[in-house]
Amino acid sequence: EDQVTQSPEALRLQEGESSSLNCSYTVSGLRGLFWYRQDPGKGPEFLFTLYSAGEEKEKERLKATLTKKESFLHITAPKPEDSATYLCAVRWIYNTDKLIFGTGTRLQVFP
Amino acid sequence: DTEVTQTPKHLVMGMTNKKSLKCEQHMGHRAMYWYKQKAKKPPELMFVYSYEKLSINESVPSRFSPECPNSSLLNLHLHALQPEDSALYLCASSQIILAETPEGETQYFGPGTRLLVL
């Protein structure tokens with residue numbers, strides 16, 4: 001069965017301590033991979049769309065990369081306001097109507 | 001502008017009530033979605049509309065009834081809900097369901113409606 005797995009489930013960082021979040025997928029035929037940030041009680045906020053292996057996208061302290069089997073969200077010198085749950089979701093070419101979400105990584109950044 | 005708006009922000013209803021959730025976007029998107037999200041879980045797809053026509057119903061109970069009056073609006077009518085239906089209800093939109101590139105399929109979410117069923 002096609003799956004999306006995110007790790008770690010939770011991550012605690014000191015302010016300024018860079019790290020990476022992982023999203024791995026067993027989907028055959030990736031059509032697109034999407035990263036979202038979600039604050040408690042709010043809707044997911046779109047961050048990045050990736051679809052080609054080797055692709056990289058950046059936004060402020062965030063950088064998303066994609067390989068054939070996984071994506072990484074790198075957070076450089078995080079600040080407390082980066083604390084949120086980060087979700088990845090994939091669409092594949094054989095079932096294009098649906099986004100398949102991972103379970104998310106809960107990031108806490110302490111000052 | 002990638003804004004999707006939802007009203008109300010919060011809703012408390014009894015199991016015999018009828019209420020509606022509303023969603024609006026002015027990005028010219030022709031695909032709109034309803035999701036349900038429980039605490040510490042990812043969003044679960046409920047319905048998909050494409051060009052104002054229902055495209056997907058993920059086996060959602062009939063007490064949830066979607067409606068797409070025009071290309072900018074999406075409603076979710078609620079009737080005889082159960083306490084386990086309490087959740088965050090999210091609306092999203094994308095340019096279309098299948099685009100030339102995944103950028104056109106990117107879904108933008110609204111802030112959600114927090115629903116509590118007593």
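Every chain is numbered from 1 and lettered A, B, ... according to where its sequence line falls, protein lines coming before strand lines.
Every pair passing side chain to side chain donor-acceptor pair (under 3.5 Å) that includes a residue from residues 53-63 of chain A is listed here, sequence neighbours excluded: Glu56(A)-Lys63(A), Lys57(A)-Glu103(B), Arg61(A)-Asp82(A).
Looking at heavy atoms from C-beta onward, Glu44(B) lies out of side-chain contact with Phe101(A) at the 4.5 angstrom threshold. Contact annotation: the side chain of Phe109(B) never approaches that of Phe46(A) to less than 4.5 Å [non-hydrogen atoms, C-beta and beyond].
Atom OG1 of Thr101(B) is separated from atom OH of Tyr51(A) by 5.5 Å, given to the nearest 0.5 angstrom. In this structure, Leu45(B) CG and Ile100(A) CD1 are separated by 8.5 Å, a value rounded to the nearest 0.5 Å.
Enclosure of atom CD in Glu81(A) by more than 12 non-hydrogen atoms of other residues, nucleotides or ligands within 6.0 angstrom is indicated.
Linking ILVMFWY side-chain heavy atoms closer than 4.5 Å, directly or via other members, places Met46(B) and Ile56(B) in two distinct hydrophobic clusters. In this structure, Ile75(A) is a member of the same hydrophobic cluster as Leu11(A), with clusters built from ILVMFWY side-chain heavy atoms closer than 4.5 Å. Using a 4.5 Å cut-off between side-chain heavy atoms of Ile, Leu, Val, Met, Phe, Trp and Tyr, with links allowed through other members, Val4(B) and Tyr51(B) fall into different hydrophobic clusters. Taking hydrophobic clusters as Ile, Leu, Val, Met, Phe, Trp and Tyr residues chained together by side-chain heavy-atom distances below 4.5 Å, Tyr36(A) shares a cluster with Met27(B). Val60(B) and Trp34(B) fall within the same hydrophobic cluster, where Ile, Leu, Val, Met, Phe, Trp and Tyr residues are linked whenever their side-chain heavy atoms come under 4.5 Å apart, directly or through other members.
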### Task
Check the pair Tyr33(B), Leu99(A) against side chain to side chain contact (heavy atoms under 4.5 Å, CB included), reporting the backbone distance first and the verdict last.
CA-CA 11 Å; Tyr33(B) 311 77; Leu99(A) 268 182; over 6 Å; no
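Chain A forms more heavy-atom pairs under 4.5 Å with one residue of Arg114(B), Lys40(B), Glu58(B) than with any other, namely Glu58(B). Between chain A and the residues Gln6(B), Gln37(B), Lys41(B), the largest count of heavy-atom pairs under 4.5 Å involves Gln37(B). Of the residues considered (Gly110(B), Pro43(B), Gly112(B)), Pro43(B) shows the highest number of contacts with chain A, using heavy-atom pairs under 4.5 Å.
When all heavy atoms are compared, the tightest approach of Pro42(B) to Gly102(A) is CB-O, 3.3 Å. Taking every heavy atom of both residues into account, Arg31(A) and Pro102(B) meet most closely at O-CG, 3.0 Å.
Of the possible donor and acceptor atoms, none in the side chain of Tyr108(B) sits under 3.5 Å from a partner among the backbone N and O of Pro44(A).
The part of Gln38(A) that comes within reach of chain B is its side chain, from C-beta onward, which places non-hydrogen atoms under 4.5 angstrom from that chain.
Within residues 78-94 of chain B, the residues that have a heavy atom under 4.5 Å from a heavy atom of chain A are Leu88(B), Leu90(B), listed by number.
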